[in-house]
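Atoms considered below: every heavy atom in the structure, side chains included; atoms not considered: hydrogens, waters and symmetry mates. Proteins get letters first, then strands, A, B, ... in listed order; numbering begins at 1 in each.
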Amino acid sequence: MPELPEVETYKRYLESTSLGKHINRVKVRDSRILELGEKDFIKNLQENTFKSVMRHGKYLFIAFDLSYLVMHFGMTGDLEYYAINREEPKYSKVLFEFTNNHVLSYISIRMFGKLDIADDVKKYIKEKKLGPDALKMSFEDLTNSLKRRTTNIKTALMNQEIVCGIGNIYSDEIIFRTNINPLTKINHLEEKQLRALFSNIKDVLQYGIEKKGELSTYSDKFLIPHRNRDDFCPVCHTKIKRYEILGRHGFFCPSCQKQ
DNA sequence: AGCGATGTTCGCCG
DNA sequence: TCGGCGAACATCGC
């Protein structure tokens, strides 16, 4: 279930459960989730200790002695830390067994997540061409990222090379709050709109983190609870419009978000 | 039982 | 060479 707020929640979960734990054994249940060979993957992590976790966009980097474990959750990734005598969670793809008789399971139902090993975080971010982290970036970072781009605001926000961490759901919310039509070209935005966009990115993501990414608990004033066919705008009560973009479904209020 | 899903990547086109 | 766009990927729940 991961966009930036969910991944930040996973980061905190890792920090509170797995930090400082020593890995006894790594079990790979489905090697298709790995970006490198199973043997290399295991060799990097076995007999090693979780040292720290950092997040960039929807990616987590877990530091070990010599390298980093990179986690990406795709659309259906999850983590579970549990006592070793408990039943293995369904759809577990990789299990990290610690010397304290607890296990961290990396779960992925639909195989869109990925686990990788990196030598250096900055290098990895550069190679993947990831843009600035949506929560940490400055206003200048955002405008630099948008330079020379001509696509629409919805596509831009979901493009991880432009801004890292925002996906389909949160981009809808951010654009709704900024009262911009999702198909507006970014090179047509005024300075004032860009400033509002920037501050709404921060506010929406921060709210999401505080709510631990549990969408069902979000305020009814948000668009998110109304991302449905036949639902209505929480501000003006106009019927929400659903449209297709990048093979995904976006939602917006045709009255609050005129082009 | 077919559709939709909180994501990324690749290949084609201009 | 770069940006934009659509299709492909895998699989489950509703």
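Figure legend: A:R110 and A:Y91 shown without cation-pi pairing, the cationic atom not lying both under 6.0 angstrom from the six-membered ring centre and within 45 degrees of its axis. With A:F139 as the aromatic partner, A:R195 meets the cation-pi criteria of under 6.0 angstrom to the ring centre and within 45 degrees of the ring axis.
When heavy atoms are screened at a 4.0 angstrom cut-off, A:K128 is found touching the sugar-phosphate backbone but no base atom. Note on A:G167: only backbone sugar-phosphate atoms sit closer than 4.0 angstrom, heavy atoms only; bases stay farther off. Within the nucleic acid shown, A:T150 comes within 4.0 Å of sugar-phosphate atoms alone, with no base atom in reach, counting heavy atoms only. Contact annotation for A:R149: backbone-only contact, meaning every heavy-atom pair under 4.0 Å involves sugar-phosphate atoms and none involves a base.
Rounded to the nearest Å, the gap between the P atom of C:dA7 and that of B:dG4 is 15 Å. For the P atom pair drawn from B:dC3 and C:dA8, the interatomic distance equals 15 Å after rounding to whole Å. Comparing B:dG11 with C:dA10, their P atoms sit 15 Å apart, to the nearest whole Å.
Taking the side chain of A:I169 as heavy atoms from C-beta on, and the options C:dT11, B:dT6, C:dC12, the nearest nucleotide is B:dT6. The side chain of A:H249 approaches B:dA5 more closely than any other nucleotide in the set C:dC5, C:dA10, B:dA5.
Contact between the side-chain N/O atoms of A:Y91 and the OP1/OP2 oxygens of C:dG13 is found at a separation under 4.0 Å. Proximity of A:T155 to the phosphate of C:dG4: no side-chain N or O atom is located under 4.0 Å from OP1 or OP2. Distances shorter than 4.0 Å separate none of the side-chain N or O atoms of A:Q160 from OP1 or OP2 on B:dG7. Here A:K58 does not reach the OP1 or OP2 of B:dT6: none of its side-chain N or O atoms lies under 4.0 Å away. Under 4.0 angstrom from either OP1 or OP2 of B:dT8 there lies at least one side-chain N or O belonging to A:H72.
B:dC10 atom C1' lies 14 Å from atom CD of A:E35, rounded to whole Å. C:dC14 atom C1' lies 13 Å from atom CZ of A:R229, rounded to whole Å. For the pair A:I153 CD1 and C:dG4 P, the computed distance is 12 Å after rounding to whole Å. Rounded to an integer number of Å, the gap from A:E244 CD to B:dG4 P is 8 Å. Regarding A:K90, its NZ atom lies at a distance of 12 Å from the C1' atom of C:dT11, rounded to whole Å. Residue A:R248 contributes atom CZ, which lies 15 Å from atom P of C:dA7 at whole-angstrom precision. The interatomic distance linking A:Y124 (OH) with B:dT8 (C1') rounds to 11 Å, in whole Å. Rounding to whole angstrom units, CE of residue A:M158 and P of B:dT8 are separated by 10 Å.
Map A:G247 and A:E161 each onto its nearest nucleotide of DNA chain C; the residue landing nearer the 5' end is A:E161.
Separation of atoms NZ (A:K258) and CG (A:N179) is listed at 10.5 Å; rounding is to 0.5 Å.
A:Y13 and A:Y81 have their aromatic ring centers separated by at least 6.0 angstrom. Separation of the A:H102 and A:Y82 ring centroids does not fall under the 6.0 Å cut-off. For A:Y207 and A:F222, the gap between ring centers is short of 6.0 Å.
The aromatic rings of A:F64 and A:F50 lie perpendicular to each other, with more than 60° between the two planes, well past the 30° mark.
A:H22 and A:T99 form no side-chain donor-acceptor contact under 3.5 Å, judged by distance and modelled atom types alone. Residues A:D116 and A:Y124 have side chains that bring a donor and an acceptor to within less than 3.5 angstrom of each other.
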For this session: Both distances under 3.5 Å, Watson-Crick or G-U wobble: on that basis, could you give the dot-bracket string for DNA chain C, with [ ] for crossing pairs and | for other-strand partners?
Result: .||||||||.||||

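At a cut-off of 3.5 angstrom, counting only N and O atoms as typed in the model, there is a donor on one side and an acceptor on the other between the side-chain of A:R110 and the base of B:dA5.
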